[in-house]
Amino acid sequence: MNTGRMFIGGEWVDSCSGQMRSITDPANQQLINRVPEADQDDVNRAIAAARTAFDKGPWRQTTAQDRGKILFAVGQKIRERAVELAELEVKNCGKPLAEAQFDIQDAANCFEFYGGLATKIHGETMSVPADSLSFVLREPIGVCGQIIPWNYPLVMAAWKLAPALAAGNTCVLKPSELTPLTALELAKIFCEVELPPGVVNVVTGPGPGCGEVLASSPFVDKVAFTGGTATGQKVMAGVAKELKRISLELGGKSPNIVFADADREAAVDGALFAAFANQGEVCSAGSRLLVEESIHREFIAQMLAKIPKIKLGHGLIAGTKMGPLISYAQLEKVESYVKIGVEEGAKLLCGGKRPKGLEAGFFFEPTIFDGVTPKMRIAREEIFGPVLSILTFKDEAEAIAMANDTEYGLAAGVWTKDIHRSLRLVRGLRAGIVWVNAYHPTYNELPWGGYKKSGLGRELGLHGIEEYLETKQVNFHGDPAPINWY
Ligand code: TXE
């Protein structure tokens with residue numbers, strides 16, 4: 001590994017300031033590696049490299065077939081190194097190994113999906129006016145600044161880079177300052193597949209001073225951001241100064257709705273997985289469980305019976321089902337919400353505290369609140385940890401109203417055997433992703449993104465590449481004649 005360097009203009013470089021940041025394992029706070037602490041000079045250096053690669057480099061002249069081949073090769077190399085990458089992801093962001101293994105394959109799939117899509121970027125032709133040939137060209141936007149979070153480091157890098165490169169853009173990727181390690185390994189893979197210098201740059205540094213510069217630089221043409229809604233608003237304000245393209249994938253408080261007729265076992269499992277996968281540090285987490293009143297007590301008992309199976313520990317230890325939170329700050333945030341929930345009058349059914357014996361890491365027990373009402377803060381605000389709020393409803397209309405009573409609109413889950421009801425729910429829910437009798441499956445082929453304050457634009461699928469393409473109208477007159485206007 002290129003320890004202690006970041007990747008700019010095809011080279012492994014130190015930060016201009018010489019500052020370094022220690023990257024630690026959130027399960028035990030042990031040092032894993034040290035990376036350069038970039039500042040605005042480094043970001044500007046990376047932007048300049050991406051600018052040159054776009055304006056003067058060979059990348060735009062590369063055929064779609066060749067871009068596709070490069071992306072397939074990246075996917076293949078990720079697969080070859082899957083074991084090592086999964087372990088690194090576990091150490092850096094805390095998730096259980098099985099989840100990291102899934103992420104690594106998902107990242108490889110993403111590069112392969114967009115590798116295939118590179119050759120399917122089509123324009124349109126029409127004849128307006130009749131003596132001209134008019135057509136629509138799709139072109140890359142230019143330099144893309146891509147800012148990603150710490151909960152799915154390699155997957156988020158893939159979601160951003162793969163469509164951008166398929167479309168012929170150049171990129172400056174800024175991973176979270178907490179989790180830069182798999183993004184740096186990805187840069188190493190880009191070197192191995194001989195991506196031209198400057199096409200992808202990876203800058204390791206903090207949001208303020210680094211992400212901010214990407215957002216506001218006049219030399220960046222498009223910004224793609226995944227992170228908290230408040231930070232997304234700041235990024236958008238930076239982008240507004242230059243009026244550049246933007247896509248945002250932000251927070252959520254997603255409802256997971258269980259009707260009395262649902263397959264009970266599947267729904268219980270689904271409710272727990274929705275809330276506690278990846279320690280609940282998931283933008284689409286089903287953090288609000290809406291249960292039909294008639295089955296409420298039974299459903300809770302069934303959920304609680306399964307809680308002891310959620311084994312906490314280091315993600316690399318066999319059998320671990322939940323790892324630590326990403327940082328002490330996140331642990332404190334989660335704890336503060338438990339306090340708020342108790343003060344608001346919700347009933348703490350389980351968890352609510354740090355587990356004994358795991359004090360070296362940022363662990364928090366799976367936590368369930370019952371008796372939550374729609375106005376409580378624990379029903380409205382994104383906690384981003386293993387805290388589930390349970391609310392009850394009497395009928396379908398109330399379930400839909402309660403589900404939509406949020407400023408977010410990323411995802412929603414519905415559990416019922418009644419197909420007519422499920423279709424009414426699909427239409428009634430104001431969210432970008434709706435799962436019926438499932439929660440969390442995500443496919444590279446399908447668009448991902450939110451309504452309302454959960455974001456702008458879509459990632460993945462055919463929609464995802466649209467975010468990285470400009471549209472040019474061409475009116476081609478082959479046989480010019482004066483129009484004699486003057
Ligand atoms: O995220 P930030 P934080 C939510 C979640 C969490 C909260 C805070 O609720 O508790 O956000 O987490 C970069 N200009 N999500 O503070 O700040 C930062 O360096 C430009 C939801 O860690 O959103 C990192 O690379 N960039 C989310 C990225 O933004 C800035 C995933 C995300 O960090 C910046 C993570 C700035 N001013 C947190 N400030 C999801 N939707 O999945 C920070 N950054």
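These values consider heavy atoms only, across backbone and side chains, with no hydrogens, waters or symmetry-generated copies. Quick caveat: nothing in here was measured; it's all calculated off a predicted structure. Remember, it's 1-based here, ligands and their atoms both numbered in the order they're listed. Position 1 is the first residue of the sequence; numbering continues from there.
Sorted by first and then second residue, the salt bridge (Lys or Arg N to Asp or Glu O under 4.0 Å) pairs involving residues 10-19 (not counting sequence neighbours) are R5-D14.
Among protein heavy atoms, atom 2 (P) of ligand 1 sits closest to T231 OG1, 3.5 Å. Shortest contact from atom 30 (C) of ligand 1 to any protein heavy atom: G207 CA, 3.3 Å. Among all non-hydrogen protein atoms, the one lying nearest atom 24 (C) of ligand 1 is I148 O, 3.5 Å. Shortest contact from atom 3 (P) of ligand 1 to any protein heavy atom: W150 NE1, 3.8 Å. Protein heavy atom in closest approach to atom 26 (N) of ligand 1: G211 CA, 3.6 Å. The protein non-hydrogen atom at the shortest distance from atom 37 (N) of ligand 1 is E212 CG, 3.6 Å. The nearest heavy-atom contact from the protein to atom 11 (O) of ligand 1 is G228 CA, 3.2 Å.
Those atoms of ligand 1 with a heavy atom of K174 less than 4.0 angstrom away are 18 (C), 19 (O), 25 (O). Each of the atoms 13 (C), 20 (C), 25 (O), 26 (N), 28 (C), 29 (O) of ligand 1 lies under 4.0 Å from some heavy atom of I147. Residue V235 has at least one heavy-atom neighbour below 4.0 Å for each of these atoms of ligand 1: 14 (N), 20 (C). The ligand atoms of ligand 1 that sit less than 4.0 angstrom from a heavy atom of L250 are 41 (N). The ligand atoms of ligand 1 that sit less than 4.0 angstrom from a heavy atom of P149 are 31 (C), 35 (C). Shown in contact with E382 at under 4.0 Å from a heavy atom are these atoms of ligand 1, numbered in order with element: 4 (C), 5 (C), 9 (O), 21 (C).
Exactly one of I78, L88, V202 qualifies for a side chain to side chain contact (heavy atoms under 4.5 Å, CB included) with E185. That residue is L88. A side chain to side chain contact (heavy atoms under 4.5 Å, CB included) with F362 is found for one member of L331, V334, I326 and no other, namely L331.
In this model, a donor atom of one side chain and an acceptor atom of the other lie less than 3.5 Å apart for N109 and R79. Side-chain contact, T24 with Q29: no donor N or O sits under 3.5 Å from an acceptor N or O. Residues W415 and N256 have side chains that bring a donor and an acceptor to within less than 3.5 angstrom of each other. Judged by distance alone, the side chains of T406 and K452 never bring a donor and an acceptor atom under 3.5 Å apart. With hydrogens and angles left out, the side-chain atoms of Y408 and E382 include no donor and acceptor closer than 3.5 Å.
Between I383 and ligand 1, no N or O atom pair is found at a separation short of 3.5 Å.
Without hydrogens or angle criteria, R430 side chain to Y451 main chain gives no donor-acceptor distance under 3.5 Å. A donor-acceptor distance shorter than 3.5 angstrom exists from the side chain of R288 to the backbone of A403, with no hydrogens or angles considered.
Here atom 38 (C) of ligand 1 lies nearest to F384 when heavy atoms of F384, Y152, Y337, F225 are compared. Across E177, K333, E249, Q330, heavy-atom proximity to atom 19 (O) of ligand 1 is greatest for E177.
The nearest protein heavy atom to atom 33 (O) of ligand 1 is not closer than 4.0 Å.
Under the 6.0 Å cut-off for aromatic ring centres, F384 and W150 qualify, their centroids lying closer than that.
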